Amino acid sequence: MTLRIGNASGFYGDRFDAMREMLTGGELDVLTGDYLAELTMLILGRDRLKDPGAGYARTFLRQLEECLGLAHERGVRIVANAGGLNPSGLADRIRELAERLGLPVRVAHVEGDDLTPGHPGALAAHAYLGGFGIAACLREGADVVVTGRVTDAALVTGPAAAHFGWSPTDHDRLAGAVVAGHVLECGTQATGGNYAFFSEGRHDLRRPGFPLAELHEDGTAVITKHPGTGGFVDVGTVTAQLLYETQGARYAGPDVTARLDTVRLTQDGPDRVRISGVHGEAPPPTLKVGLNRLGGFRNEVTFVLTGLDIEAKAALVREQMSPALAKAAHVDWDLVRTDRPDAGTEETASALLRLVVRDTNQEIVGRALSGAAVELALASYPGFHVLAPPGKGSPYGVFEDVYVPHGAVNHVAVLHDGRRVPVAPAQETAVLDHPPTPPLPEPLPEGPTRRAPLGLIAGARSGDKGGNANIGVWARTDEAWRWLAHTLTVDRLRELLPETRELNVVRHGLPHLRALNFVVEGILGEGVAAQHRFDPQAKALGEWLRSRHLDIPESLL
């Protein structure tokens with residue numbers, strides 16, 4: 001008995017046509033959509049300040065306008081976290097849509113994640129719920145289930161628990177579904193999107209298809225995609241997504257803690273990767289709560305420095321701007337040397353000096369900054385100009401996470417007929433700790449080396465979790481893993497990525513995946529919405545690492 005679950009959205013703003021593509025491209029039992037991220041919750045919170053009836057992903061409703069009849073005709077159930085801050089409001093809009101279209105669709109929703117009233121000053125405070133509220137809705141016959149803040153993997157564990165009749169203590173089975181859900185959650189990142197080795201040119205990556213999982217009752221799964229769609233699925237693409245935005249070997253959630261160090265991936269045919277061996281443990285005794293609040297106001301201006309004396313030009317403008325910045329709480333200057341000597345174009349002869357200012361007072365980052373920058377137009381370095389004039393300053397958000405006991409949330413499945421079914425908190429929990437460090441493989445024998453980029457033999461994928469970033473690095477052969485495991489230590493990572501030198505970095509080994517996962521604490525400041533650094537979500541941190549040069553054994557090159 002196989003349950004086929006597909007994904008049609010990895011974020012709020014993903015490919016609009018994906019829902020129709022997934023419904024028409026092949027067989028499915030359930031279609032999921034992940035619309036929420038830390039930044040999305042802030043955006044939805046600001047929407048709701050303007051309109052109390054808002055707070056959900058409007059794109060999802062527009063997709064259903066086109067596809068709800070198609071899903072009903074094909075018997076595909078839809079599960080999405082598009083409810084955001086207002087799942088009941090979205091459920092009502094879907095019922096109105098179904099009535100207008102003349103479709104007998106049963107719509108249910110999950111609530112209980114909203115803890116905002118208990119966190120004064122927060123724009124939104126939402127607990128990450130598990131999948132058993134979704135399961136309760138589906139068991140009672142719902143055709144469409146919308147939720148607020150649940151874990152991304154809950155969109156898969158919920159349907160799987162409902163279909164196979166799993167209980168909350170079926171830890172290994174639930175952990176298998178969590179791993180499959182984590183692979184699906186970011187859509188085309190599992191089918192060749194954002195893939196480290198995209199340039200090898202073996203597959204058409206112009207429009208990757210969305211992934212699906214064939215789940216089995218024992219918790220094993222096969223990741224694949226609809227026939228004829230773009231992209232590809234292999235052990236590398238699945239490994240890359242497994243490492244994305246994770247931390248240690250224990251991947252904790254409200255339903256179960258999945259042991260990523262037990263995951264086995266095998267190629268099961270073209271565009272088919274089997275996931276097996278996943279071990280699960282009781283979930284931790286607390287739930288994660290994401291807090292979003294307004295942190296203040298932010299403004300930026302980028303000065304263009306062209307030709308000779310780049311450093312002197314940068315020093316002059318910094319001195320000239322300093323009086324206007326004296327009262328600002330946070331001032332960040334970044335000189336990006338994009339210039340080249342004897343350049344053939346003006347653009348390639350230019351460097352960029354980026355100034356970012358943040359403060360709780362909009363006046364300090366707005367008019368005071370803008371006026372000072374504009375006044376330099378005829379009174380600063382030769383060739384003075386900026387990429388765009390600074391504005392009034394815009395509000396920015398801050399994300400942080402806190403933890404509450406399972407019993408602190410009122411997790412409820414609101415069925416299509418209005419009945420409210422309480423979802424019991426996890427009865428069996430285990431305090432999370434780090435598993436023993438796995439043994440290192442045998443090192444490669446000594447031999448000649450060549451200075452070359454790490455990315456010639458290793459892939460990487462990186463991302464954000466609040467103010468932290470993770471960098472997952474994997475090798476594609478056993479020999480490369482033997483070298484990587486011994487070479488890419490925390491100290492070596494700090495040498496290769498100087499921005500990490502003063503930060504706490506933790507390395508986790510995942511030998512079955514031939515992978516290392518590094519967590520860099522605090523590199524993103526107060527989270528993506530605060531725009532603390534050039535790459536605020538650390539999306540390209542792994543690619544920077546792959547571009548750095550090391551002495552690599554010639555036998556691997």
Side-chain angles (χ1 to χ4, degrees), residues 12 35-57 81-90 109-130 133 146-152 154 245 247 252-255 283-298 329-330 358-362 394-412 414 420 422-423 425-426 429 431-432 464-468 521-522 524-532 536-537:
Y12 191 11
Y35 292 80
L36 301 184
E38 294 167 0
L39 181 60
T40 312
M41 297 298 280
L42 178 68
I43 293 169
L44 295 177
R46 292 174 60 183
D47 285 349
R48 203 168 187 186
L49 285 177
K50 302 172 185 175
D51 176 6
Y56 55 81
N81 60 13
L85 277 61
N86 189 9
S88 63
L90 177 58
H109 73 274
V110 177
E111 59 185 42
D113 60 300
D114 190 355
L115 302 182
T116 307
H119 296 273
L123 183 61
H126 290 258
Y128 288 71
L129 302 180
V146 292
T147 75
R149 179 76 275 184
V150 296
T151 64
D152 300 337
E245 293 183 345
Q247 298 191 45
D255 295 324
T286 56
L287 297 175
K288 178 180 174 180
V289 179
L291 298 182
N292 287 276
R293 59 182 172 82
L294 294 177
F297 297 88
R298 177 185 181 278
H330 301 280
R358 290 178 290 146
D359 198 274
T360 55
N361 186 336
Q362 187 174 14
S394 57
Y396 74 89
V398 172
F399 175 87
E400 61 180 307
D401 50 68
V402 298
Y403 293 84
V404 299
H406 282 258
V409 302
N410 184 27
H411 190 177
V412 177
V414 184
R420 299 176 64 86
V423 180
T429 63
V431 176
L432 200 65
D464 64 312
K465 279 296 180 186
N468 300 338
E521 298 178 0
L524 303 179
E526 295 177 299
V528 54
Q531 299 283 308
H532 176 74
Q537 289 183 281

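Quick caveat: nothing in here was measured; it's all calculated off a predicted structure.
- Here the straight-line distance linking atom CZ of Phe399 with atom CG of Leu291 works out to 7.5 Å at 0.5 Å rounding.
- For Asn81 (side chain) and Tyr35 (main-chain N/O), a donor-acceptor pair under 3.5 Å exists by modelled atom type.
- The backbone N or O of Ala329 lies less than 3.5 Å from a partner atom in the side chain of Asp359, making a donor-acceptor pair.
- Taken from OG1 in Thr147 to CG in Leu36, the straight-line distance is 6.5 Å, to the nearest 0.5 Å.
- The two residues Gly397 and Leu42 make their nearest non-hydrogen contact at CA-CD2, 3.5 Å.
- Closest non-hydrogen pair, Pro254 versus Ala426, comes out as O-CB, 4.3 Å.
- Partners of Tyr56 by ring pair (Phe, Tyr, Trp, His ring centres under 6.0 Å), not counting sequence neighbours: none found.
- Put simply, CG on Leu39 and CG on Leu44 are 9.5 Å apart, with the number rounded to the nearest 0.5 Å.
- Annotation for Gly253 and Pro284: closest pair O-CD, 3.6 Å, computed over non-hydrogen atoms.
- Closest heavy-atom contact between Pro87 and Val110: CG-O, 3.6 Å.
- Two residues are said to be in side-chain contact when any heavy atoms from C-beta on lie closer than 4.5 Å; Met41 and Leu85 meet this criterion.
- Listed by chain and number, the residues in a salt bridge (charged side-chain N to carboxylate O under 4.0 Å, His left out) with Glu400 are Arg293 (sequence neighbours excluded).
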Derivation and outcome, side-chain contact (heavy atoms from CB on, under 4.5 Å), residues Val414 and Glu111: CA-CA 7 Å; Val414 184; Glu111 59 185 42; 3.8 Å; yes

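- With Glu245 contributing its side chain and Lys465 its backbone, the two residues share no donor-acceptor pair below 3.5 Å.
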Identify every side-chain donor-acceptor pair in residues 114-129 under 3.5 Å, counting partners at least two apart or on other chains, and give the distances.
from   : atom 1 : to     : atom 2 : distance (Å)
Asp114 : OD1    : Thr116 : N      : 3.0
Asp114 : OD1    : Thr116 : OG1    : 2.7
Thr116 : OG1    : Ala125 : N      : 3.0
His126 : ND1    : Asp113 : OD2    : 2.7

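- Arg46 approaches Pro395 most closely through the heavy-atom pair NH2-CG, 3.6 Å.
- For the pair His411 and His406, the minimum side-chain heavy-atom distance is 4.5 Å or more.
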